[in-house]
Amino acid sequence: MKNIFALLLTFISFTLTAQNFMVPGDTTLETKWMKNESYQMKWYVLNGGQTHEVARINSRIMVGKSQLSIITSVDVNNAKTTWIDSTITKLPSFLPIRHYSDNLERTVRLKFGTSVTGTYLDKLKKLKITINDAAAPGKYFDSNFYPYLIRLLPLKDGYTQNIATYDYSVAKSGPIMAQIKEVKSGTYESKQGLRTVWIVTSLETIKGQVSQVDYFIDKADRRIWKQEIFDGVQHTLIERVE
């Protein structure tokens, strides 16, 4: 199954060279859904019919006059430090400005401009890499911004879209393609009652592995209720705390 997912992404990446894909500045994005907000989600791993909680994800979204900032902290069970991810994008275009990520394995600092510059620190190998990537400016979103970007898409039944994002890893860096494969109407059982949602199926690369992610997004206010992630072997569930 993992090989099928990998083959599918290779096919997508190849065919997208001749297709249109969404980049910053796209006028179809619905900025009316943006607002300051803070929320927590719980991260579960499904194994052998059992659901195991592994972490709590705390997100804060701050909308300014010219920038949108997203700061995420992850409290992992038995970890001595909190994982941090942050991204800053320019408004109203959503051009990436800065990205910072720190966890037990590595620290990444990126600054976006005419090129992508920054540093990558591998904490396990004690290796520091200077980044200077001449990726075409203005042709991609920060990959860390992508899950929030989905909430701003002009969602409707049958909607599909190809989206260019930028991610850095030692093995491979540069623009990669994510695909909104399907959007359909559905429901989510919250403590507030049954909510009508958009179920957005996305193919994306997470830690170098192609995964299918289903996002459950409220139709009324675009809040995210749940994410279901499948990489071909393991199921992961991320669900909002009410």
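Bear in mind that the values here come from a model prediction, so they are computed numbers and not experimental data. Numbers here are sequence positions counted from 1.
- A side-chain donor from one of Ser101 and Arg106 sits under 3.5 Å from a side-chain acceptor of the other.
- Side-chain N/O atoms of Asn36 and Arg60 include no donor and acceptor closer than 3.5 Å.
- Each of Tyr148, Phe141, Phe145, Tyr146 was checked for a ring pair (Phe, Tyr, Trp, His ring centres under 6.0 Å) with Phe94, and the lone residue meeting it is Phe145.
- Taken together through direct or relayed side-chain contacts under 4.5 Å among Ile, Leu, Val, Met, Phe, Trp and Tyr, Leu127 and Leu121 form parts of separate hydrophobic clusters.
- A salt bridge does not link Glu189 to Arg195: none of the charged side-chain nitrogens sits closer than 4.0 Å to a carboxylate oxygen.
- A cation-pi arrangement is absent between Lys184 and Trp198 under the rule of less than 6.0 angstrom and at most 45 degrees off the ring axis.
- In this structure, Arg240 forms a cation-pi arrangement with Tyr39, its terminal cationic atom sitting closer than 6.0 Å to the ring centre and no more than 45° off the ring axis.
- Residues Glu204 and Ser202 bring a donor and an acceptor atom of their side chains to less than 3.5 Å of each other.
- For Lys219, the NZ atom sits in a packed shell: over 12 heavy atoms of surrounding residues, nucleotides or ligands are nearer than 6.0 Å.
- At least one donor-acceptor pair under 3.5 Å links the side chain of Asp157 to the backbone N or O of Ser185.
- Cluster membership for Met62 and Tyr100, using ILVMFWY side-chain heavy atoms within less than 4.5 angstrom, is not shared.
- Contact check on Glu228 versus Lys226 returns a salt bridge, with a Lys/Arg side-chain nitrogen under 4.0 Å from an Asp/Glu carboxylate oxygen.
- With 3.5 Å as the limit, one finds a donor-acceptor pair spanning the side chains of Thr82 and Asp75.
- Looking at Thr119, Asp102, Asp122 one by one, the single match for side-chain hydrogen bond (donor to acceptor under 3.5 Å, both in side chains) with Thr107 turns out to be Asp102.
- For the 3.5 Å distance criterion, the side chains of Asp167 and Ser143 qualify, holding a donor opposite an acceptor.
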Thr117 and Asn132: CA distance, side-chain angles, deciding distance, side chain to side chain donor-acceptor pair (under 3.5 Å) verdict: CA-CA 5 Å; Thr117 58; Asn132 192 346; over 6 Å; no
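- With Leu153 as reference, Ile163 is the one residue of Ile163, Asp26, Ile217, Val200 to meet the side chain to side chain contact (heavy atoms under 4.5 Å, CB included) rule.
- Under the 4.5 Å side-chain contact rule for hydrophobic residues, Leu29 and Ile61 share a cluster.
- Judged by distance alone, the side chain of Glu242 and the main-chain N or O of Lys191 form a donor-acceptor pair under 3.5 Å.
- By the neighbour-count criterion of 12 heavy atoms within 6.0 Å, atom NZ of Lys123 is densely surrounded, having more than that number from other residues, nucleotides or ligands.
- Nearest heavy atom pair, residue Pro175 against residue Tyr166, reads N-CD1, 3.9 Å.
- The main-chain N or O of Gln50 is never found under 3.5 Å from a side-chain atom of Asn47 such that the two would form a donor-acceptor pair.
- In this structure, the side chain of Arg151 engages the main chain of Arg222 through a donor-acceptor pair within 3.5 Å.
- Note on Leu149 and Phe112: separate hydrophobic clusters, where clusters join Ile, Leu, Val, Met, Phe, Trp and Tyr whose side-chain heavy atoms are under 4.5 Å apart, directly or indirectly.
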